[in-house]
There are 2 protein chains.
Amino acid sequence: MSGTKIKNMEDFAAVSGISRPTVSKYFNDPESVRKSTRQKIEAALKKHNYRPNIYAVNQNRRMTKNIGLVVPNLADPFFAGIARTIEGLIVKAGYNPLLFSSHGGPEQEISNLDSLRSIKPAAVLIAPIGRMSQDDKVAQFASEVPTVLFDANLEDVGIAFFGSDNDQSIGLIVDYLCRSGEPPAFFEMKTPINPNAFKRRNAYITAMERLGHQPHLIQISGQGWNFEEIGFREGGRILTEQRLPSNTILCSNDRLAIGLLSAAFENGIKVGRDANATLRIAGHDDHPFSQFTCPSLTTVSQDYDAIATRSVETVLSLIDSGEKQPKQREETLFEGKLVMRGSA
Amino acid sequence: MSGTKIKNMEDFAAVSGISRPTVSKYFNDPESVRKSTRQKIEAALKKHNYRPNIYAVNQNRRMTKNIGLVVPNLADPFFAGIARTIEGLIVKAGYNPLLFSSHGGPEQEISNLDSLRSIKPAAVLIAPIGRMSQDDKVAQFASEVPTVLFDANLEDVGIAFFGSDNDQSIGLIVDYLCRSGEPPAFFEMKTPINPNAFKRRNAYITAMERLGHQPHLIQISGQGWNFEEIGFREGGRILTEQRLPSNTILCSNDRLAIGLLSAAFENGIKVGRDANATLRIAGHDDHPFSQFTCPSLTTVSQDYDAIATRSVETVLSLIDSGEKQPKQREETLFEGKLVMRGSA
DNA sequence: CCCAATAATTTACGCGCGTAAATTTTTTGA
DNA sequence: TCAAAAAATTTACGCGCGTAAATTATTGGG
């Protein structure tokens, strides 16, 4: 910080002894100017710590360096985790991530898209809320801004979708559960928010039939995103009613399983795979807290590193290509891995 | 969407039959124009869905409508929750919240402040990371931009601090635990990240001495933000070593308690307050997951609604006042409430 | 050493809007 | 009805930067 105040690029160009257009070029890409020029600018940068006004920059650039990221609910550690991974990848690529959470509400999701629109991002990554989502508005948005979907798919929306292969992952854990004990019943919400829930339900039925077992759906009521609460409340009910079709329960996701485990504990039901346990519970997702439940939760992990990486790569390559839409929409599902713990 | 394309405010003013400066005035404050004018503009707005370019707006306004929000770690549902509450309040006040997570890293925290600087926010709310924080840089930032601290205090930094009264809340639960059973030992990390941890340690010692009991600190090693993991690993160790100074353990925070509960379960130790239990465990914070642990966790809730509300109010009133600094720095601590559950 | 290639400079315009001053129109109240 | 107050309009400038075209300076290779 020297004496003279640097108010804008003009001033900064003056003190660095370089013309303003060249300085502008430098900030767009430091490698695009001659080494001696770069050094002069960087020397001045150390003395005056000037930074271009991002509002002026973004107003004039053909395209901003912003990439939007919308997740259904940041209060869910699963999405918090994947958001963090994606943010890191975006930063590493020299872009500026803008994070939005829809807090479980479709209105908020649309409102987030409106915010994003006004930010004029180079691209957007969205994990749509799902069933409640106003799909047409999301589709409309995706037709205006290069958009990649992840976690939950909307047919033909966006330039690509990356998610988990529910058929494979559910098949995996159904196989395991059948192999190691009674075939599981499927514990899920009657009217799930997330479209993956429907896929998992069907995957469960298919897997059971493939193995020659009768599928049993335990469909509980409940609204909103408090899955643990719902799993606890409704789980407690079905456990005390004593009419379980099986001593093994596969939950549609880990958060329901966490609630159910808690309900089992409250009711004095021993869960696990050892001899004195009377119930086995398994989940799906490998939620960050699943390893600390009592007992720890057997589940299937989603490859969200792959989902994050491929989503960002896809978006970046599209930006680089300069095109608005790729030749073809890509849809890639990643496989889950069995995570064997104490509960089943 | 009529035929003519609206590219800017000029175009929009034309189709709405109002002059551009008046339209500009409308967008700054719809109430500041005559009713008939407002109706004309809003009619045009419905047909053409124009929105001012935020980059141009922010470049020209004396002050942006942005309010920054920096939390230590969004992967922690506690911070995710308070962030959501604060975001809501900011939106309701007509400002635009920008959310940043430091992901537990002080470098990221500083980098977030740099991002915020370039966004030129009207004000910023920060929950500093704490011990590892580069306090001088945070202080420097707070001297440039109106800043309110919450959750963790840094002496004399920012215009105000809102947090929890650890003396009161720890006193509350120590009282309860002593009243209902053996006086607790205090389970904490040897080198905590969060400054609140130090306050809670001291509050514990004070409370124990006040009641005429000998304080016992169980200080475990471990780095980073995986508190559950650390609590589980180190908790397992102390539980198997069988040298607990008390059958009651008060944890510095719920996340450690969740790990410890899990370790107790793994080791077949019954936790709770009923006759056949051999260990009592309590936490602090009322973490979203604490009601689903086995048994559910007795803890102290922080009044984070109050923290969020007062933080935002303070920031808004400073903005309205037009001043950069208030007469005096405010420091308000809110009381916690005992949340009695199964574990103690 | 000179010429071609490369890079920097000069000059100029435009982005979309906030905002101020002077002027004209509309509203208000007695 | 009429003057004063309030609101809208016209005109004009500036914000800080990207970017393009024409020009000048620098570099590197033979």
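As a basis for the values below, the full set of heavy atoms in this structure was taken, side chains included, without hydrogen atoms, waters or symmetry mates. Chain naming here is simple, since letters A, B, ... match the order of the sequence lines and numbering starts at 1 in each.
Spacing between atom CZ of Arg38(A) and atom C1' of dT26(D) amounts to 16 Å, rounded to whole angstrom units. Between Asn58(B) atom CG and dG18(C) atom C1' the separation is 11 Å, expressed in whole Å. Asn8(B) places its CG atom 6 Å from the P atom of dG16(C), with the value rounded to the nearest Å. For the pair Met63(B) CE and dT19(C) P, the computed distance is 12 Å after rounding to whole Å. Across the protein-nucleic acid pair, Tyr26(A) atom OH and dT19(D) atom P stand 17 Å apart, rounded to whole Å. Taking atom CZ on Arg61(A) and atom P on dG18(D), their separation rounds to 6 Å, with Å as the unit. Distance CD1 (Ile41(B)) to P (dA7(D)): 14 Å, rounded to an integer number of Å. Straight-line distance from the CG atom of Asn53(B) to the P atom of dC17(D): 16 Å, rounded to whole Å.
Positionally, the nearest nucleotide of DNA chain D for Thr22(B) lies more toward the 5' end than for the other of Gln59(A) and Thr22(B). Each of Ser36(A) and Pro52(B) was assigned the nucleotide of DNA chain C with the nearest heavy atom; the assignment lying further toward the 5' end belongs to Ser36(A). When each of Pro21(B) and Arg51(A) is assigned the nucleotide of DNA chain D bearing its nearest heavy atom, the one mapping closer to the 5' terminus is Pro21(B).
Contact annotation for Arg62(B): backbone-only contact, meaning every heavy-atom pair under 4.0 Å involves sugar-phosphate atoms and none involves a base. Counting any heavy atom pair closer than 4.0 Å across all strands shown, Tyr50(A) reaches sugar-phosphate atoms only and no base atom.
A tilted orientation is assigned to the rings of Phe12(A) and Phe27(A), their planes being inclined by 30° to 60°. Ring orientation note: the planes of Phe79(A) and Trp225(A) are nearly perpendicular, at an angle over 60° on the 30°/60° scale.
On a pure distance criterion of 3.5 Å, a polar donor-acceptor pair joins the side chain of Asn60(B) and the base of dG14(D). Applying the 3.5 Å distance criterion, the base of dG16(D) shares no donor-acceptor pair with the side chain of Arg20(A).
To the nearest 0.5 Å, the span separating CD on Glu144(A) from NZ on Lys120(A) amounts to 10.5 Å.
Of the possible donor and acceptor atoms, none in the side chain of Glu87(A) sits under 3.5 Å from a partner among the backbone N and O of Leu99(A).
The side-chain heavy atoms of Val23(A) and Ser16(A), taken from C-beta on, include a pair separated by under 4.5 Å. Using a 4.5 Å heavy-atom threshold, the side chains of Pro128(B) and Leu149(B) count as touching.
If you check dT19(D), dC17(C), dG18(C) against the side chain of Asn28(A), the one that comes closest is dT19(D).
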Per-nucleotide protein contact along nucleotides 2-7 of chain C, 5' to 3', at a 4.0 Å heavy-atom cut-off (B base, S sugar-phosphate only, - neither), is -----S
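For the OP1/OP2 pair of dG18(D) and a distance below 4.0 Å, the side-chain nitrogens and oxygens of Ser24(A) include at least one atom meeting the criterion.
Proximity of the aromatic rings of Tyr304(B) and Phe150(B) is defined here by a centroid distance below 6.0 angstrom, and this criterion is not met.
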